[in-house]
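When a ligand or atom number is given, it counts from 1 through the structure's own listing order.
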Amino acid sequence: MIVNANSYVSGRVISTDICIIGAGPVGIALALEFKGSGVRVLLVESGGFERSKLLQTVNRAELIGDPYQQPEYTRRRQFGGTSWRWNNADTRPQQPGVRYMPLDSIDFEPREWIPHSGWPFDRASLATYFERAHQFAKLGPYAYSADAWSGPDLQPLQFKGDTLESGAYQFTGYGIYTERREEFEQAENITLLHDATALEISSDDGGTNVTGLLLRSTGGNDFRVSARVVIVAGGGIENARLLLLSRSKQAKGLGNQHDVVGRYFMDHPFYSQGLWIPTDRTIFDRLNYYDTRQVDNYTVLGRLHLSPAVMRREQLRNFSLILYPRRPHTMTAAHNSFMVLWEAATKARRIPKGLTRHATTMLTGLSHLIPLAQQRLNKAYYYHDLEEGGWSTLPNKSALFNAVEIMGQIEQTPHRENRVTLGTSKDSFGQPRPRIYWYFREDDKESIRRARQLITQEFALSGLGKVTWPEALYKNPGTHHHMGSTRMGVDPTMSVVDEDCRVHGITNLYIAGSSVFPTGGYANPTLTAVALAFKLADHLKQTLGVVPQVTANR
Ligand SMILES: Cc1cc2nc3c(=O)[nH]c(=O)nc-3n(C[C@H](O)[C@H](O)[C@H](O)COP(=O)(O)OP(=O)(O)OC[C@H]3O[C@@H](n4cnc5c(N)ncnc54)[C@H](O)[C@@H]3O)c2cc1C
């Protein structure tokens, strides 16, 4: 059933068994797990089915620290949540879809060189939930090793040392979550209540039980939900913010008796322009494994990452590499400046920083740009098209390419002072905006510098060629993967939720999403967040005494 909250009059009270706040990928997957179970589920969503400019401003945060992307633009308030941003032109629509992989096994381990690391369970114990997440997202088999995706013509690189290993990403199309509206229309025991923003979670005087929510419709009517169980699934910033906003009975916010809510916030900084100049250009005929390609109708992309052995020995954070063959001339300053100006003109549609500098660099490097323009006119493969995949099918690659660009995501340490708090400015509901303190700290910088050295040495030792790195340690501060602000752990003084995602000290309040990750590795987080949602669904079914269904709800 689908209901628009604007049809409710002020003061109304809605009663349900489970109330889930947020219809993004995580809330949608979680709610549909209860289809046909007999449990009454209310899925509350701030937005509707279209993008609303006004609601987007509710995501605006006060940003403090190193430059960080504004969530007003990287989060979406709408049924389907931020998966709508996966469709946005800014995310390069020519890419093959959404990238998935589970966090690596080592990401779950307590690593004595990374303060506050360690999940309460290992990755293997989530295997069945990852498999269910795969079915839900219509992915291929739950397999991410190089062995699973290599073949006679698809061989990963062979290294002499133990610094690097190969693995794979999988992709699905964009509509996996946004196109599930019909399932909610048909589900008798699930109500999707849209245009309803949760302003506060209500609790009893002691703050040990939650009783429901205070909500406001987009039209401005206030009403309440009374629920046996409340699950917050509003995304990696809003989850912390809503606990902090729930302070009628607990002055510091729900679950925040030890001042942990909002702390240890992390993202995955993204770097590009690492450059590998192969010694032997015939290598381009043997790099197919690292192209985006179809295997048994599934889309996969080969990647490299630091080996667990080297991370342990050198005390490093996790680090990933994706390889893109490049043409001569594309790795020049003139081409970089051209790309900055091109993207400013065609995508951002605003004057870029350093306009004069970039224009001068471009003009003085015309000798590099003219051959590229000629290739473009001849409809030859060009810069961005390579990320769509398919370069490995081109003929005569050793003449076509001379360099490989290396890019990838990096693990960020959970730092107590990187955090989400309440700011001083207010959103359109009159609520304090989130304030994000985000700093990229020295231990993370040091880890990147050392990882780069080791990778350069490994390529040289293996006779593969020369690898160099740009001066900047990262290009983007994050990949919009908001993690850690309601972290999981066994110690209530150091974490917000327990291994069942239940808020410490509160019997019936749970958190779903990447905000519960105590560490985040470099993997795109949605697959792990959805797997944890299925684990939570099983826990709640057991707690509420739901009889298991024979038919799968997928
Ligand atoms: C450009 C871009 C590309 C990305 N690419 C990838 C990728 O390739 N792979 C990957 O794994 N991840 C990717 N991500 C990250 C991914 O989008 C998130 O991990 C995922 O959306 C998190 O799902 P979620 O349901 O927890 O939160 P969200 O998707 O943010 O959804 C939260 C929902 O909760 C609602 N909500 C929030 N607060 C309230 C409230 N108080 N009351 C009611 N409703 C509320 C919001 O309106 C929203 O609909 C990308 C993100 C961006 C921006």
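Of the polar atoms of Ser46, at least one N or O is found under 3.5 Å from an N or O of ligand 1, judged by distance alone. For ligand 1, the polar-atom distance check against Ala198 finds a nitrogen or oxygen pair separated by under 3.5 Å. For ligand 1, the polar-atom distance check finds no N/O of Thr197 at less than 3.5 Å from any of the ligand's N/O atoms. Considering both main-chain and side-chain atoms, Thr82 comes within under 3.5 Å of ligand 1 through a nitrogen or oxygen pair. For ligand 1, none of its N or O atoms has an N or O atom of Ala512 under 3.5 Å away. The shortest N or O to N or O distance between Gln78 and ligand 1 is under 3.5 Å. Polar contact with ligand 1: absent for Thr479 (N/O pair, distance under 3.5 Å). Some N or O of Val26 is nearer than 3.5 Å to an N or O of ligand 1, by distance alone.
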Under the criterion salt bridge (charged side-chain N to carboxylate O under 4.0 Å, His left out), I'd like the reasoning laid out for Arg75 against Glu238: C-alpha separation, chi angles, the key distance, then a yes or no. CA-CA 10 Å; Arg75 280 298 171 273; Glu238 294 299 321; over 6 Å; no
Report the C-alpha separation of Asp427 and Arg433 in whole Å, then their side-chain angles, then the decisive distance to 0.1 Å, and conclude whether the salt bridge (charged side-chain N to carboxylate O under 4.0 Å, His left out) test is met. CA-CA 6 Å; Asp427 68 16; Arg433 293 190 182 283; 5.6 Å; no
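The Thr74 neighbourhood of ligand 1 comprises atoms 53 (C), with distances under 4.0 Å to a heavy atom of that residue. Every atom of ligand 1 with a heavy atom of Arg99 under 4.0 Å away is listed here by number and element: 7 (C), 8 (O), 9 (N), 10 (C), 11 (O). Shown in contact with Pro525 at under 4.0 Å from a heavy atom are these atoms of ligand 1, numbered in order with element: 11 (O), 12 (N), 19 (O). Ligand-side atoms of ligand 1 in range of Val98: 7 (C), 8 (O), 9 (N), range being under 4.0 angstrom from any heavy atom. Set against the non-hydrogen atoms of Ile21, the atoms of ligand 1 under 4.0 Å away are 40 (C), 42 (N), 43 (C).
The shell of residues lying under 4.0 angstrom from ligand 1, judged by heavy atoms, includes Pro25. Not a single heavy atom of Gly236 sits less than 4.0 Å from an atom of ligand 1. The shortest heavy-atom distance from Arg76 to ligand 1 is under 4.0 Å. Using a non-hydrogen distance threshold of 4.0 Å, Trp86 registers as a contact of ligand 1. Ligand 1 has at least one atom lying under 4.0 Å from a heavy atom of Ala233.
The closest non-hydrogen atom to atom 2 (C) of ligand 1, taken over His480, Arg75, His194, comes from His480. Here atom 47 (O) of ligand 1 lies nearest to Glu45 when heavy atoms of Gln431, Glu45, Arg85 are compared. In this structure, of Glu238, Arg77, Gln56, the residue bringing a heavy atom nearest to atom 39 (C) of ligand 1 is Arg77.
By the 4.5 Å heavy-atom criterion applied to side chains, Leu193 and Phe223 are counted as neighbours. Side chains of Ile237 and Phe265 form a contact here, defined as non-hydrogen atoms less than 4.5 Å apart.
Taking the six-membered ring for Trp and thresholds of 30 and 60 degrees, Phe130 and Tyr142 have nearly parallel ring planes, at less than 30 degrees apart. Aromatic ring pairs are classed by plane angle as parallel below 30°, tilted from 30° to 60° and perpendicular above 60°; the pair Phe517 and Trp119 is tilted.
In the displayed structure, Tyr73 atom OH is contacted under 6.0 Å by at most 12 heavy atoms of other residues, nucleotides or ligands.
Under a 3.5 Å cut-off, the side chain of Asp122 and the backbone N or O of Ser125 do form a donor-acceptor pair. Asp222 contributes no side-chain N or O that, together with a main-chain N or O of Arg216, makes up a donor-acceptor pair within less than 3.5 Å.
The residue from Gln412, Met266, His415 that alone fulfils the side-chain contact (heavy atoms from CB on, under 4.5 Å) condition with Trp438 is Gln412.
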